[in-house]
Amino acid sequence: MMPRERLRIAVQKSGRLSDPCFDLLDRCGLRFRRSRDGLFCFGDGEPVDLLLVRDDDIPGLIGQGVCDLGIVGRNVLAEFGGGALRSLRDLGFGCCRLAIAVPQERAYTGPASLAGLRIATSYPNLLKGWLERQGVAAEVVTLAGSVEIAPRLGTADAICDLVQSGATLIANQLREVDCVLGSEAVLVAADPLPADGRRDAIELLLRRVDGVTRVRGSRLLLLQAARDCVDAIVAALPGAPRPTVLQMDGEPGQVMLQALCPDELGWRQLEAIQRAGARELFVLPVERALA
Ligand code: PRP
Ligand code: ZN
């Protein structure tokens, strides 16, 4: 394989993870020009390019050295087996579960209810491992896609597939009955990492990913108050942040308080903080952080 100087990241071309992946990379300051065939994104600025592929192909592409990094569900990584790959970061989006689902009308009282059934899945390794751990003998029917229609087609009695919102199951009159694996998007890399200049690009990317994920959903709260009210205000802050309290120039007894709150601050919480003595409250989104 030709030596490469630029870092290449494999990303799902279209699917559950695509939009949040592009959003993350954008927040990391990476800008791309898409090739005419839509398979490649050339990085503008940083030496980082993207390859847009089917998510199931991502572990293999990294294993073969075609890509250095990838963003993929932990479920896909676990199904692949993990050899020559390692997970660098959990990304906190694409949260879902690999679940067992059965037709609405089928009784289910536990894994033993699956004994002797045909279960359709795109995750045969994970399903076989789970069935074995449950001590259940069932037939695993491997399908590349459209697993959810197998029970209606009569090719399976149950399925084992990813569930995020649950909409796909509802649309197919299926009911989720057991969880095989919890999953979210992860940043994976070749193991060992490339030892050349690409290493710097990986470190830059990791710093920025951390700077984005660390404050995702956080809000910066700014307010003014009498110093006497600070304890009551701090007690009313959700998520127990440790605020910074600043003396206000020329206004003895008055302070300005700033706190990084881990979650959204709703009106009710804000009103409670106001009742504790705060005024001039401002809630600001936090985009990125650098320690
Ligand atoms: C998964 C799964 C379902 C859907 C479930 O597909 O196969 O089709 O997501 O999501 P829901 O509960 O929100 O309806 P995914 O996007 O991972 O793509 P793939 O299985 O085609 O690779
Ligand atoms: Zn897939």
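The basis for the numbers below is simple: all heavy atoms, side chains too, and nothing from hydrogens, waters or symmetry mates. Just follow the structure's listing: the first ligand is 1, and inside any ligand the first atom is 1.
- Between the side chain of Glu184 and the backbone N or O of Gly92, at least one donor-acceptor pair lies under 3.5 Å.
- Salt-bridge check for Lys13 with Asp55: failed, with every basic side-chain N at 4.0 Å or more from each acidic carboxylate O.
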- prompt: So Arg279 and Gln274, side-chain hydrogen bond (donor to acceptor under 3.5 Å, both in side chains) or not? Walk me through it.
  reply: CA-CA 6 Å; Arg279 51 197 170 74; Gln274 189 185 41; over 6 Å; no
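- Residue-to-ligand polar distances keep Val163 apart from ligand 1: every N/O pair is separated by 3.5 Å or more.
- Between OD1 of Asp55 and OD1 of Asp56, the angle at the Zn ion (ligand 2) works out to 60°, rounded to 10 degrees.
- Ion pairing between a basic and an acidic side chain is recognised when a charged N comes within 4.0 Å of a carboxylate O; Arg8 and Asp68 show no such pairing.
- For ligand 1 and Ser165, the ligand atoms under 4.0 Å from any heavy atom of the residue are 11 (P), 12 (O), 13 (O), 14 (O).
- Scanning the protein heavy atoms around atom 18 (O) of ligand 1, the nearest turns out to be Gln12 NE2, 4.1 Å.
- Ranking the protein heavy atoms by distance from atom 14 (O) of ligand 1 puts Thr168 OG1, 2.5 Å first.
- Only the side chain of Asp161 comes within 4.0 Å of ligand 1, counting heavy atoms alone; its backbone N, CA, C and O stay farther away.
- Contact annotation for Asp56 and ligand 1: only side-chain heavy atoms (C-beta onward) come within less than 4.0 Å of the ligand.
- A salt bridge does not link Glu46 with Arg6: every distance from a Lys NZ or Arg NE/NH1/NH2 to an Asp or Glu carboxylate oxygen is 4.0 Å or more.
- The nearest heavy-atom contact from the protein to atom 20 (O) of ligand 1 is Tyr123 OH, 4.9 Å.
- Counting only heavy atoms of the protein, atom 15 (P) of ligand 1 lies nearest to Arg16 NE, 3.6 Å.
- Contacts between Leu162 and ligand 1, counted as non-hydrogen atom pairs separated by less than 4.0 Å, involve both the backbone and the side chain.
- Ion pairing of Glu264 with Arg219 is present here, as a side-chain N (NZ or NE/NH1/NH2) and a carboxylate O approach within less than 4.0 Å.
- Looking from atom 22 (O) of ligand 1 to the surrounding protein, the closest heavy atom is Asp55 OD1, 3.2 Å.
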